[in-house]
Every structure is written in structure tokens, then in C-alpha cells.
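Worksheet for the structure shown next.
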Amino acid sequence: GMTVKRKKLAGKLHGSDFFPFVLFTRMPAKQQTSLTSFFSGGKRKVSSVSRSPSPAAKRSKVETKTEITTIMATEEVEIVETITETKMEETVEVTPVSTDSEQSSVPQSKCLVKELEWRTKNLPEFQKTEAAMELSEFSQQQSTQQALRYKNTKFDPVEEATWQPGEPVPYLAVSRVMNAIDNTTKRLEIIELFSQFIRTVIVTTPSDLLKVIYLCTNQLAPSYKGIELGIGESILMKAIAESTQTSLKGIKSLYHKKGDLGTVARECRSAQRTMFKPKALSVQKVFDAFYEIALMKGHSSTSRKVDKIKGLLVCCQEYESTYIIRSLGGKLRIGLAGQSVLIAIAHAFMLTPPRPLSVPCEEGQHPLVLKLRAERKLSESELQTHLLRAESIVKQVFYQLPSFELMIPQLLAGNLLSLEEVCPMTPGIPLKPMLAHPTKGISEVLQRFENMTFTCEYKYDGERAQIHRLEDGSIKIYSRNAEDNTEKYPDLIELMPQIIQDATKTFVIDCEAVAFDTETKKILPFQVLSTRSKKAVQKEDIKVQVCLYAFDLIYLNGESLLKAPFSERRKALYSAFAEEEGKFTFATHAEMTDTEEIEAFLNKSIEDLCEGLMVKTLEVDASYEPSKRSHNWLKLKKDYLDDVGDSLDLVIIGGYKGRGKRTGVYGGFLLACYDAENDEYQSICKIGTGFSDANLAEFAEYFKSRELLEVPTYYRIPETGLPDVWFSPDRVVEVKAADLSISPNHKAGMGLVDPNKGISLRFPRYLGTREDKKPEDATDASQVATMYRAQANKQSDILPHDDL
DNA sequence: TGTGGCTGCCC
DNA sequence: ATTCTGC
DNA sequence: GCAGAATGGGCAGCCACA
């Protein structure tokens, strides 16, 4: 049974479900004044669960919305809090919709009818309905792994929505959720906030759900559709400057101070408010605006984009501008990304199941969602089991069909439990490729794979190529990030028929495309591969030949092999395809368990111009695990090993102001080697990884007294990407790199290996500070050149030179 | 028409 | 790509 | 150990502008 008590709130409340902002619409004005801290941007949150709003409060829903901005300005006072308490033998009421008399208050409006029509239109063929949501199907096995969630689940998505059922979802609501999520680092809390928001969309305006998901994952479409905003920091700053009548310089300096353009946009705006409130933004409007921006091309497209952004900015209230700008900048950085979104979706659809169309809507029921569990009481462990089950289904499905466009309509059709069948793996939809965990040595590999059979493969230095053959026989090639690279590789498309065996029809293979010198029959460096054209390539124009190294088979003749162990997948790969020398080869591999043997194989891989080894189990934990979810593969590279690989001692000559979580400290530095010949410092690379937070704080303090007003004449500095602040040469840091490269930008060793170009580092990272070294003791330009030559010798001097 | 800056995407 | 950090 | 967010070099492609 449930009891409701009135309590005084004395600080932060944990564990209750809430939408703080929603409360404004439902609490008497006197109490609303207490909720300032939420909107004032402070960390502290005040939460509340309010169960039985008075009819008067309910009716005033729309009117009270307008009061929010005034509330922001008031002081925080004591709050009277209504919370829900449950007894020891706790049961959790999972209510997809209101169960009491308020139920009938759900407007059966024209808007909702439209939602239903939308659903009919957008829902593919319908399977498994009636019993689909019967919870008793679940096993009652308990999980001990994760903490219980949704403890006092008395969340009513109909009540909590700040907009009416069937109305467009306001972008304001989305931005408020983003802000709430932004203000916590707790993942469970993030997931809960987002899943509850999804629930409100499911019961009100499900036709907006896909767009909500896209906005919150910062996508416009699946990446293989190649729809890009073409907006970056520069254009954003221009738009912010113009819309706030601030100089570009002013915006830049604010950006340095705040570390976030979104914040800059919001603060500039509030400084000069317009008299008239433009029409509020909706999810639909914002999404459409983003989409239009992405489609703008050709002459004056940039200024049209700027205008569009300005148009959005004038309509913004509260935190909307922050998240619009962050979205356009490509990084939401609120702590919610792919994995958490999937979990939130799963929980939302488990707790608020849409009513399948085949299930008639009975009198007094909500037209969009099932009332199935209205009377049903679940114990917390039961609830937990259901949530985990949903989580596992949604994740599994997204791994085999990573498309919200296809998954969301099925979920809205009430197909959560049959999702795996209605969303099968489909050639033509790229999977997130399986990734590998870096290991620091053979001993770590052996330790991780103790008592398991494993195989070692060459790790090729090229570009991931996931090649699909669709039902219609066409071939598609996708990149590591699911971009469509088909038109980049007409040569590979042409090659395919030669290597596909007769019995092989549809498939998905995992390969590395590597630049290849057909004369010497040797692998070429990544830098050569990257010079290939990307768009509308004609076979005759190809200058860099490519060899495919295939290493996995994920789908064959209509069947997913995701769950098959690697031993089987590889066997199937070998029989489904035929090698073609210099064009299509299976990745070199060997099975061994002995440390010395592995070391020898690692060395051999380097001699054969590879990056190192991939180590994969053959039987146990040997399924194909897409995405970053599980790094069951291991990678072993020479530069991971201590005391192996190129390590340099370099001088810090400049700093870059940090952004995001590095606001207020330097986020990166410009490094130089010392050139004794000319007694000057030559830029070699920037560095921004390898620092702990403590390191960065110490660096910021250290360089406070070493800032220079101008660039010293004895600095040879890069063409682009100049530091925000110059430093006197003083601190020497130890840096590790995977490779050295001829640089179009940096100046180290200029004239020593290339007349006009310097040398830079590939994958530089900070190892530590060399307190013992003076800047003149840093790695010398000639040493850098020597290191480059040593590496180039191994590659038999392959890099192209300018014809000068 | 050539060049440089910006963006997205490879690693 | 590499790396660090809160959970 | 996961998930997310900091940050690297360097290429093609596109657009603004001289």
C-alpha cells in the first residue's frame, strides 16, 4: 500500500522521480518561488513528486507556463514537499497512464487522432500484438549486478508533460531535459531523466519521438546518408556575433573564458532581450531548421546558414540557445550519448508501452498507450528484471540494425518484445564495427586470455571497410563510422565479382583497405591512402591502388553470424571468398601461446609494414560485438610498450585555452624541438592527451608567470593553429608517438628531410614532465630527422615528394 | 581562377 | 586515434 | 570496465574572397 506524507525538504532529495521544471505548471504560485536553484544554473537541485494536483492547478497548466521566466529571478525559499513513501515490503506501481479519475481528462483531441493516423501510416507490417506486452513472459531471474532503479516509480507521463497530448513537443522541454542531464554526472540519473522524457513523448506526441532522439544524440540522419551540417566554430561565432551585435573578437574572448559557445550564445542573448517574444520553438521546427542548414549548398550557402541560425537564436528562451549552438557545433557534451540513449529508450518503452493498433482502445483508456499494468503491482526485483530485459533487447537490436528510423516506429507499434524479429540485421544498413582494447604488452594479453584459445592477426594501417552485398546484388562499402564510402572505391566494387564464390549471395565482411604498391607488392603508409579522392571517383582516375585485407564475416546468405564464434566466422569467410593477390587477401594470422613466439610475430608484423597485432579469442567470448560496447579484441602495438617506440623530449612554447571540462585551464599545448644549428625552437606538434586533471591544473598555474605578449623571433611556428598564448621556452615534456610524418604545418627539422616541410608526430601523447631537462636539452631537430629516416628506411622510402 | 580557411572524416 | 575519470 | 568527453595529424572537398 502507499501512503502519502507531507514533508519539509531540507536539501537535495534522492531517488524520487521528477521533472523539476514540470512542477511550475502544477504547483500553486507560492510554492513555485522556491524552485529557483534549478534555473539559476547552480548544481543544486530541488526535486519533488506531486501526486494529486488540484483541478485548479491542472487547469492553469498553460497559463502558468508563462510564469517560469519570472520565477527565475526570485530568491529561493523553503519548500513544502510532497513525496511518496512506500512500505518495507515494497511494491512498485508501474503506471503507464493515470489510474484514477483523472484518466478521463486525457483529451481525445483532434491532435491525438492525428497521432494515431501517423502511427498507422508509419508502421510497417504488424506482428505479435495481443500478448506482446504480457509481462509474465519474462523470467523472474534476478540481477545482482546493478542497483535498483526507478524506485518510487510514480511517474505519470501524461501529467508530467508540459504540453498537451497531440501538440508538437516544445523544444523548450527538450532543452530543459538536456540541461537537467547536463547538471549531473550520475549515469543512472541521466538515463532516468531521459527515459522519463521519452515517456512523456510516447503518451503525447509519438510522431515527434524520432526527432527528439535525433536531437538528443545530435544526429540528423543515419551517418550513411551523408547529411552534414557543414557548420563549425567559425560560422557559429559569426552567427552569434551578428545576432547579438557583438564583435567577433568579443565572442572569441568570451569563448575562451566560458569554454563553451552554447553558454556564450545564451549569456550574450540575455544581455539584450527583445521586447517581443517570438513564437516558441518546437522540436519539429528546430529539427527542420537543422536539416535545411545541412541541405544548403553552393554560392552564399554560408551566409544563408548564418541567417538560419540567427533565426533560431532570436526565438530562444532559457537554455534553448545553449543546446542549439552545441548541437550545431557537433557536440552536445551533456553526458548522454549512444549507450545511455539506448538504455533510456528501453526503459521508457517498458514502463510506458504503446498500445498496438490491433489492441482496441477501450472506454476511458489512453488512445496511445496500454493500460495493461495499471492495476498490476510489481516488486522492485520484478521491475528490475523487466528493465534489464528491455535493455538487452533494445541494445541487441541496435547492434544488428543501428537505425533509429527503423527501430523507433517498431517500438511505437508495441513491438518491444518482438523487436529482434521485426528489426533483423540487414545488408545495406552498416553495423558499428567491433573495436579493440589497447594492451600494454604480451603479458597483459596472456593474462586476459588465460585458458582461452586465441589467434593473432596483423593489424593493417589502412581504413576500415565494411562491405555489404544486398539482396539485389549491389555492393556497398561503409567506413568505420558508418559513412557510405561506396563511391570512393569503384575499383573494389569492380573487384568483388572475382572474389565472391558461387554459393555466396548476400554478405557483410569486415576488412581493412590498405594502400598498396602493385610494383613492389608492398603495403604503403596510411598517409598515402588518405590522398585518395572520396567523391564520385572514376576508376581510371585512381592513383593509389588498394589491397583489401579481410578478417571477418558477419553475415552470409541471409543469416547473421554475429553470435557465431570467431573460429566459425573465419572458416566461413575463407570458403565464401577467394584470395586475389595484391587485391583481396585474408589477414595474415597465426595461433600461438608462447610469449617469445608472439613477440616474434609482432616484430614480423612491423617488418611487413603493419601497425602490430590484433589478438582475438576463437571460441569463448568470441561473438562479434559491434560498437564500443565490448572491446573483446585486443590490439598490441609497439608504441604501447614501455621503453619501445618513439619517445621525445619537447619544449612547450604555447598553450590553447581548454573547452568543456577543461575550461579555465589549458586544454592543449604547442610543442617544439630545439634546433641547435640555428638556435631556434621549431614546432613539431600540439599535444592534448595524456594529462590528468591534476596535471592540467599544475600546468595552468606554472605558465601563469610565463606568458609572453609576442611570438619570440626564434620560434619557427606552424602555418595554422597558432596557440592562444605564447610561453617562454622553459618546460620540457616527454611525449610518445606512433610515427613521424612529413608535415604541411609544422617546422621540426625543416630542410633536413624535405626542403620546405617539417616533421610532425602521429598520435602524440603526454607521458610526463622532464624537470631535469632544460629546453636546450630537448630532442634536437637533427635527432627528429634521424628518427624520421630510421622509420622511412623500414618503409623503403615510400612517401611521395613534391616535384620541385 | 587561384588560394586559404573551414569542415568532416579518416586514422 | 589516445587518454583520463565518474560511476 | 564502460561510457563519455577531452584532445592529436592530416587529407579531400567546399566555399568565400581576392
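Proteins come first, then strands; the chains are lettered A, B, ... in the order of their sequence lines, and each starts at number 1.
Residue A:K488 is out of contact with every strand shown, counting any heavy-atom pair closer than 4.0 Å. Contacts of A:K395 with the nucleic acid, taken as non-hydrogen atoms under 4.0 Å apart, involve only primed sugar atoms and P, OP1 or OP2. No contact: A:L529 has no heavy atom under 4.0 Å from any strand. Residue-level contact check: A:R448 touches the backbone only, with heavy atoms under 4.0 Å from sugar-phosphate atoms and none from bases. Looking at heavy-atom distances under 4.0 Å, A:H299 makes contact with sugar-phosphate atoms alone, never a base. Using a 4.0 Å heavy-atom criterion, one finds that A:N485 contacts the sugar-phosphate atoms exclusively. Here A:G338 lies in heavy-atom contact (under 4.0 Å) with sugar-phosphate atoms only. Within the nucleic acid shown, A:R333 comes within 4.0 Å of sugar-phosphate atoms alone, with no base atom in reach, counting heavy atoms only.
A:E698 and A:R731 are joined by a salt bridge, as a carboxylate oxygen and a charged side-chain nitrogen come within less than 4.0 angstrom of each other. With salt bridges taken as basic N to acidic carboxylate O contacts below 4.0 Å, one links A:R333 and A:D260.
Among the duplex regions that DNA chain C forms, those built from at least three successive Watson-Crick or G-U pairs under 3.5 Å are C:1-7 with D:1-7, ordered by first number.
Paired with A:E233 under the rule salt bridge (Lys or Arg N to Asp or Glu O under 4.0 Å), one option of A:K238, A:R659, A:K252 passes, and it is A:R659. Exactly one residue among A:Y766, A:F691, A:Y656 makes a ring pair (Phe, Tyr, Trp, His ring centres under 6.0 Å) with A:F669. That residue is A:F691.
Taking only side-chain atoms of A:Q527, from C-beta outward, the nucleotide of D:dG10, B:dC9, D:dG8 with the closest atom is D:dG10. The nucleotide whose nearest atom lies closest to any side-chain atom of A:T185 is, among C:dC7, D:dC11, B:dG8, C:dC7. Taking the side chain of A:N745 as heavy atoms from C-beta on, and the options D:dG10, D:dC2, B:dC10, the nearest nucleotide is D:dG10. Minimum atom distance to the side chain of A:A337 is reached by D:dA5, of the listed D:dA5, B:dC10, D:dA16. Of the listed nucleotides (B:dC10, D:dG4, D:dA3), B:dC10 has the atom at the smallest distance from the side chain of A:E463.
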Would you list the protein and nucleotides 2-4 of chain C atom pairs, both N or O, that sit under 3.5 Å from each other?
residue : atom : partner : partner atom : Å
C:dT2   : OP1  : A:K637  : NZ           : 3.3
C:dT2   : OP1  : A:Y640  : OH           : 2.6
C:dT2   : OP2  : A:K635  : NZ           : 2.9
C:dT2   : OP2  : A:Y640  : OH           : 3.4
C:dT2   : O3'  : A:R765  : NE           : 3.2
C:dT2   : O2   : A:T689  : OG1          : 2.7
C:dT3   : OP1  : A:R765  : NE           : 2.9
C:dT3   : O4'  : A:T689  : OG1          : 3.1
C:dC4   : OP1  : A:G690  : O            : 3.3

Under 3.5 Å, N/O pairs linking protein and nucleotides 1-6 of chain B:
residue : atom : partner : partner atom : Å
B:dC6   : OP1  : A:S234  : OG           : 3.3

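Atom-to-atom, CD1 of A:I687 to P of D:dT7 comes out at 13 Å; the value is rounded to the nearest Å. Separating the CG atom of A:N695 from the C1' atom of D:dT7 is a distance of 14 Å, rounded to the nearest angstrom. Rounding to whole angstrom units, CH2 of residue A:W633 and C1' of D:dC2 are separated by 19 Å. Atom CZ of A:F526 and atom P of D:dG8 are 17 Å apart (whole Å). To the nearest angstrom, C1' of C:dG6 lies 12 Å from CG of A:L188. For A:I191 and D:dA3, the CD1 to P distance is 9 Å, given to the nearest whole Å. We find that CD of A:Q466 is positioned 12 Å from P of B:dC10, with the value rounded to whole Å. Between the NZ atom of A:K535 and the P atom of B:dG8 there is a distance of 11 Å, given to the nearest Å.
For A:K238 and A:S630, each mapped to the nucleotide of DNA chain D holding its nearest heavy atom, the one lying further toward the 5' end belongs to A:S630. Nearest-nucleotide positions on DNA chain D place A:K657 closer to the 5' end than the other of A:I759 and A:K657.
The shortest side-chain heavy-atom distance between A:I309 and A:I231 falls under the 4.5 Å cut-off. Contact annotation: the side chain of A:H746 never approaches that of A:I759 to less than 4.5 Å [non-hydrogen atoms, C-beta and beyond]. A:L529 places none of its side-chain heavy atoms less than 4.5 Å from the side chain of A:V514.
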Candidate pair A:N745 and A:S743, rule side chain to side chain donor-acceptor pair (under 3.5 Å), full reasoning: CA-CA 5 Å; A:N745 196 23; A:S743 173; 5.4 Å; no
Between A:Y460 and A:F551, does the ring-ring contact (aromatic ring centres under 6.0 Å, His included) criterion hold? Intermediate values first, please. CA-CA 11 Å; A:Y460 295 89; A:F551 54 83; 8.3 Å; no
Stepwise ring-ring contact (aromatic ring centres under 6.0 Å, His included) test for A:W633 and A:Y624: CA-CA 10 Å; A:W633 289 348; A:Y624 193 96; 5.8 Å; yes
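Taking atom P on both B:dT7 and C:dT2, the two are 26 Å apart, rounded to the nearest angstrom.
Under the 30°/60° scheme for interplanar angles, the aromatic rings of A:F703 and A:F699 are found to be tilted.
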